[in-house]
Amino acid sequence: MRLDKLIEARLQTNRKAQKRLFLTGQVKVDGKVERQENRNVDSQLHKIEVAGKRLDTGENYFLLHKPKGVVCANRDSEHETVLDLVAPADRKKGLYTVGRLDRDTEGLLLVTDNGQLGYELLQPNRKVAKVYEAWVKEPVTSEDVIAFEQGITFYGGVTCQPAVLEILEVTPGPTKIRLTIQEGKFHQVKKMFLARGIKVLYLRRVAMGPLVLPNDLLPKEYRELTLSELQSLQDYFR
Ligand code: URA
């Protein structure tokens with residue numbers, strides 16, 4: 001949560017009083033005077049003290065296993081949304097999904113009301129790795145692996161950054177692959193394969209940055225991030 005918003009909410013200060021707290025060095029994070037008013041803090045990660053009082057943030061961070069058929073929108077008149085999967089007691093104001101998965105894609109989503117954290121995780125210069133596993137219809141060759149490594153160009157001319165394609169399982173029918181990308185273009189994985197004449201039959205996100213989809217988290221289920229998962233996101237708080 002933004003430090004200035006936290007102070008406003010917890011101490012009911014007006015803008016002027018808040019500025020004064022910063023100017024007079026009465027705002028401390030982890031024991032050090034903090035001057036950056038919009039710094040993103042969380043009391044599970046940071047010790048926040050303002051005019052000698054300890055403040056708690058109370059934001060929410062959920063790891064959710066999105067099933068097929070559910071959309072990543074706040075509201076949808078036709079389909080169930082990811083937020084519909086969150087129990088009413090946990091459905092806090094401002095909760096949203098960090099990045100989107102297509103309706104027919106399954107897998108890991110971070111759902112939070114910490115907007116600044118989500119913004120940082122999606123910044124292209126942060127190069128947050130997204131790992132997908134997929135079954136694709138056609139055989140995948142070492143030429144495909146090299147093409148992904150060099151940067152796929154979509155039909156229409158948009159070029160992607162280099163991506164790591166691994167072949168996991170070859171069958172007489174579909175092929176299982178793992179793909180690691182650092183971007184989040186619309187329908188990116190499907191369009192990358194399409195550019196190689198390959199159709200994605202099934203797609204699942206298994207990791208985003210340091211967060212990994214746990215084996216025991218079934219589709220439709222969600223849970224709070226553990227403290228160590230939240231700590232692994234520390235670099236994205238600023
Ligand atoms: N790429 C896609 O094509 N779809 C998704 O849902 C995510 C990445």
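These numbers come from a predicted model, not from an experiment. The figures that follow rest on heavy atoms only: side chains count, while hydrogens, waters and symmetry mates do not. Start at 1 and go down the list; that is how both ligands and their atoms are numbered.
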Side-chain contact test, heavy atoms from C-beta onward, threshold under 4.5 Å: evaluate it for Gln231 versus Leu45 and give yes or no. yes
So, regarding Lys191 and ligand 1 (criterion: nitrogen or oxygen to nitrogen or oxygen, under 3.5 Å), is there a contact or not? no
Considering only NZ, NE, NH1 and NH2 on the basic side and carboxylate oxygens on the acidic side, decide whether Lys28 and Glu49 come within less than 4.0 Å. no
Would Tyr132 count as a contact residue for ligand 1, given that I'm defining contact as a non-hydrogen atom of the residue lying under 4.0 Å from a ligand atom? yes
Where the side chain of Glu183 meets the backbone of Gln161, is there a donor-acceptor pair that is under 3.5 Å apart? yes
Check each atom of ligand 1 against the heavy atoms of Leu203 and keep those under 4.0 Å away; list them by number with element. 1 (N), 2 (C), 3 (O), 4 (N), 5 (C)
Need the ligand 1 atom indices (1-based, order shown) with element for anything under 4.0 Å from a heavy-atom of Thr105. 4 (N), 5 (C), 6 (O)
Using only atom types and a distance under 3.5 Å, with no angle test, would you say the side chain of Lys137 pairs donor to acceptor with the backbone of Leu201? no
Closer than 3.5 angstrom, by distance alone: can the side chain of Thr112 be matched with the main-chain N or O of Asn60 as a donor-acceptor pair? yes
So, does Tyr222 use its side chain to make a donor-acceptor pair with the main chain of Ala87 at under 3.5 Å? yes
N/O of Arg100 under 3.5 Å from N/O of ligand 1, yes or no? no
What residue and atom, counting heavy atoms only, is the protein's closest point to atom 1 (N) of ligand 1, and at what distance? Val189 N, 3.0 Å
Among all protein non-hydrogen atoms, which one is nearest to atom 4 (N) of ligand 1, and what is the separation to 0.1 Å? Asp102 OD2, 2.8 Å
